[in-house]
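Just so you know, these numbers use all the heavy atoms, side chains as well, and skip hydrogens, waters and symmetry mates. Remember, it's 1-based here, ligands and their atoms both numbered in the order they're listed.
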Amino acid sequence: MNERRLGNLLFGREEIEERVEEVAKNISLEYENKRPVLVAILKGAVYFAVDLTRNLEIPFDLDFLALSGFKPGLLRVEIEKDTDIDLKEREVLIVEDIVDTGLTLNFLTRELEKRFPKGVKVCTFLNCPARRIVEVPVHYCCFEIPDVYVVGYGLDFQGDFRNLLEVYTLYDPSGRSTQILKQMGKGGKK
Ligand code: IMP
């Protein structure tokens, strides 16, 4: 049943592996001798955080933070599970699955600034600038994507598809995302 709800392939395993390795190399260079705290946002960023940290060549600490989604009528999210590590005077690197509207990250960076870290930067697996509502700085990004809903590699649709090793669009009866992907030279079937 799940198979039928998937659309087109956007990023395959090898492509993801290679890109995550590259980004990890850049992070290792920037944070040498700085022992950053990587704060992975539950649940979507877990898969990315595991692969990213496996490729790091520097000492680091890993922590997790969970946020509620945007509740109807409330223009903010809430922290549901906070970090265990004290972030004061630490170099913090937020690890996200996707920066879409930017609202979540905007809230989060503001919250973390109140804890007086030495620095706060953002590393996201996917970035979707076309859907941005709030401008947020993104320092490391594996892939930029157009305005399509994607699943796999930690990203879910109603809890499904997180464990896929590749990234797909959802089944697309209108042909909209298929067309967008075609323009990028992407869009093989599963
Ligand atoms: P925001 O819109 O930048 O605040 O994104 C908030 C969260 O929405 C992300 O961390 C994801 O968990 C989720 N999200 C946004 N776009 C997608 C998508 O295309 N697929 C799956 N989850 C998404």
Nearest-contact summary for [atom] - protein heavy atom, Å:
atom	answer
atom 20 (N) of ligand 1	Val150 O, 2.7 Å
atom 21 (C) of ligand 1	Tyr149 OH, 3.2 Å
atom 8 (O) of ligand 1	Ile98 CG2, 4.9 Å
atom 10 (O) of ligand 1	Asp97 OD1, 2.9 Å
atom 2 (O) of ligand 1	Thr101 OG1, 2.6 Å

Give yes if a backbone or side-chain nitrogen or oxygen of Leu155 is under 3.5 Å from a nitrogen or oxygen of ligand 1, and no if not. no

Between ligand 1 and Gly102, is the shortest N or O to N or O distance under 3.5 Å? yes

Please identify which of these residues, Asp61, Val39, Val92, meets the side-chain contact (heavy atoms from CB on, under 4.5 Å) condition with Ile85. Asp61

The single option from Val150, Val99, Leu10 that satisfies side-chain contact (heavy atoms from CB on, under 4.5 Å) with Leu126 is Val150

Quick check: Tyr31 with Phe60 (ring centres under 6.0 Å apart)? no

Between Phe125 and Tyr153, is the ring centre distance below 6.0 Å? yes

With a 4.0 Å heavy-atom cut-off (strictly under), which part of Glu96 contacts ligand 1: side chain, backbone, both or neither? side chain

Considering only heavy atoms, does Asp156 approach ligand 1 within less than 4.0 Å through its side chain, its backbone, both, or neither? backbone

Would Asp63 and Arg90 pass as an ion pair if we require N to O under 4.0 Å? no

So, Glu113 and Arg110, do they make that salt bridge, N to O below 4.0 Å? no

Report yes or no: do Ile133 and Phe107 belong to one cluster of Ile/Leu/Val/Met/Phe/Trp/Tyr joined by side chain heavy-atom distances under 4.5 Å? yes

Run down the list Leu42, Thr104, Val151, Leu108 and name the one with the heavy atom closest to atom 6 (C) of ligand 1. Thr104

